[in-house]
Amino acid sequence: MVSTSTQIAGFHFENCLMNAAGIYCMTKEELMEIENSQAGSFITKTGTLEARSGNPEPRYSATSLGSINSMGLPNLGFHYYLDFVRELEKEESSKNHFLSVVGLSPDETHLILKEIQASDYQGLVELNLSCPNVPGKPQIAYDFEMTENILSDIFSYYKKPLGIKLPPYFDIVHFDQAASIFNKFPLSFVNCINSIGNGLVIDDEQVVIKPKQGFGGIGGDYIKPTALANVHAFYQRLNPSIQIIGTGGVKSGRDAFEHILCGASMVQIGTALQEEGPAIFSRILKELEEIMLEKGYHSLEDFRGKLHYLS
Ligand code: RRO
């Protein structure tokens with residue numbers, strides 16, 4: 001028997017696969033498609049204080065190696081997602097879920113998190129510190145001073161399980177600096193990685209998405225090595241109480257296996273889910289189980305973080 005079950009901050013999941021925030025999670029209908037698939041959980045679209053329509057279309061485009069997007073944080077407002085998840089989790093048999101949120105300013109982020117703190121929602125929250133696509137708003141997690149200040153303010157009042165969605169880092173010194181900040185706080189998890197920000201895809205002589213003169217976040221095959229490096233760098237540096245969620249370039253059981261080998265406790269699927277639809281979860285789950293069976297691994301703990309180095 002092979003088990004791909006896992007837990008994050010004590011919340012149990014039947015298996016370790018789920019959607020990445022932004023994919024199949026804008027409406028209740030899309031979220032129910034993930035809920036009714038083989039996914040172990042879902043995460044909502046990042047919710048802001050007020051609903052947003054986002055950037056002009058076309059704002060997502062797939063290529064043979066992945067995707068580019070500049071959605072611009074379209075969402076129905078965090079209350080919509082909070083109410084939906086609270087409703088769903090009233091059922092004894094419900095899966096556990098993740099609520100993704102961020103404000104357009106630190107003040108807005110605090111308003112959102114204070115409301116969640118005061119609500120009866122007891123589940124997991126992911127704070128998105130890495131949206132690359134809101135014109136005029138830099139990615140918070142690339143500003144270490146601001147990140148530390150925000151986390152410090154948040155944890156003065158927020159006592160429920162909270163994790164953060166990170167952008168990719170590309171320098172060993174940045175892994176060190178970021179990890180030393182995150183280790184100061186009672187974070188439940190970090191999620192590595194969001195899309196690689198501000199890439200450019202060109203078709204003939206023209207960009208493929210409308211916002212920001214074609215610049216957008218890159219996902220899919222392009223980003224797997226960067227994602228794996230970030231998962232493993234934080235696995236090596238963070239307190240063991242801070243778990244890792246691996247996101248980036250997962251379209252097969254082998255990709256999920258590699259994320260877990262690098263230290264991931266849960267694995268999210270973005271571009272490939274967008275392209276293949278929710279049936280992808282049963283396929284990838286089966287492929288992951290076959291790899292584990294072949295290698296004689298019974299559970300994720302048998303190989304999580306146990307990446308081999310060349311001596
Ligand atoms: O909505 C978006 O443009 C978006 C967000 Br919030 C994010 O975190 N990552 C991304 O690639 N797109």
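One-based numbering, in listed order, for ligands and for the atoms of each.
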| request: Give a yes/no verdict on whether any heavy atom in S195 is under 4.0 Å from an atom of ligand 1. | output: yes

| task | With heavy atoms of L73 as the reference, note each atom of ligand 1 found under 4.0 Å away. | result | 1 (O), 2 (C), 3 (O), 6 (Br)

| said: Students should be able to answer this: which protein heavy-atom is nearest to atom 9 (N) of ligand 1, and at what distance? | reply: N194 OD1, 2.7 Å

| query | Under 4.0 Å from any heavy atom of N69, which atoms of ligand 1 are there? | reply | 2 (C), 3 (O), 4 (C), 10 (C), 11 (O), 12 (N)

| field | Electrostatic pair E275:K251 at N-O distance under 4.0 angstrom | value | no

| field | Aromatic plane relationship, F234 with F182 - under 30° parallel, 30 to 60° tilted, over 60° perpendicular | value | tilted

| Can P74 be said to touch ligand 1, with heavy atoms closer than 4.0 Å? | yes

| K45: heavy atom below 4.0 Å from ligand 1, yes or no? | yes

| task | Do me a favour and list the nearest non-hydrogen protein atom to atom 4 (C) of ligand 1 with residue, atom name and distance? | result | N133 ND2, 3.7 Å

| field | Ligand-side contact atoms (ligand 1) for residue partner N128, heavy atom cut-off under 4.0 Å | value | 6 (Br), 7 (C), 8 (O)

| message | Does D171 have more than 12 heavy atoms from other residues, nucleotides or ligands lying within 6.0 Å of its CG? | response | yes

| message | Is the positively charged end of K95 above the ring of F42, judged by distance under 6.0 angstrom from the centroid and angle within 45° of the axis? | response | no

| Could a heavy atom of G22 be found less than 4.0 Å from some atom of ligand 1? | no

| field | Proximal atoms of ligand 1 relative to P132 (non-hydrogen, under 4.0 Å) | value | 7 (C), 9 (N), 10 (C)

| request: Evaluate the ring planes of Y297 and F303, with Trp represented by its six-membered ring, and classify them as parallel (under 30°), tilted (30 to 60°) or perpendicular (over 60°). | output: parallel

| query | Does a side-chain N-to-carboxylate-O contact under 4.0 Å join E289 and K286? | reply | no

| Is K45 positioned over the aromatic face of Y24, cation under 6.0 angstrom from the ring centre and no more than 45 degrees off axis? | no

| message | For atom 5 (C) of ligand 1, what's the nearest protein heavy-atom neighbour? Residue, atom name and distance, please. | response | C131 SG, 3.4 Å

| request: For atom CD of E14, decide whether the heavy atoms of other residues, nucleotides or ligands shown that lie under 6.0 angstrom number more than 12. | output: no

| remark: With heavy atoms and a 4.0 Å threshold, my read on which part of A21 contacts ligand 1 is neither

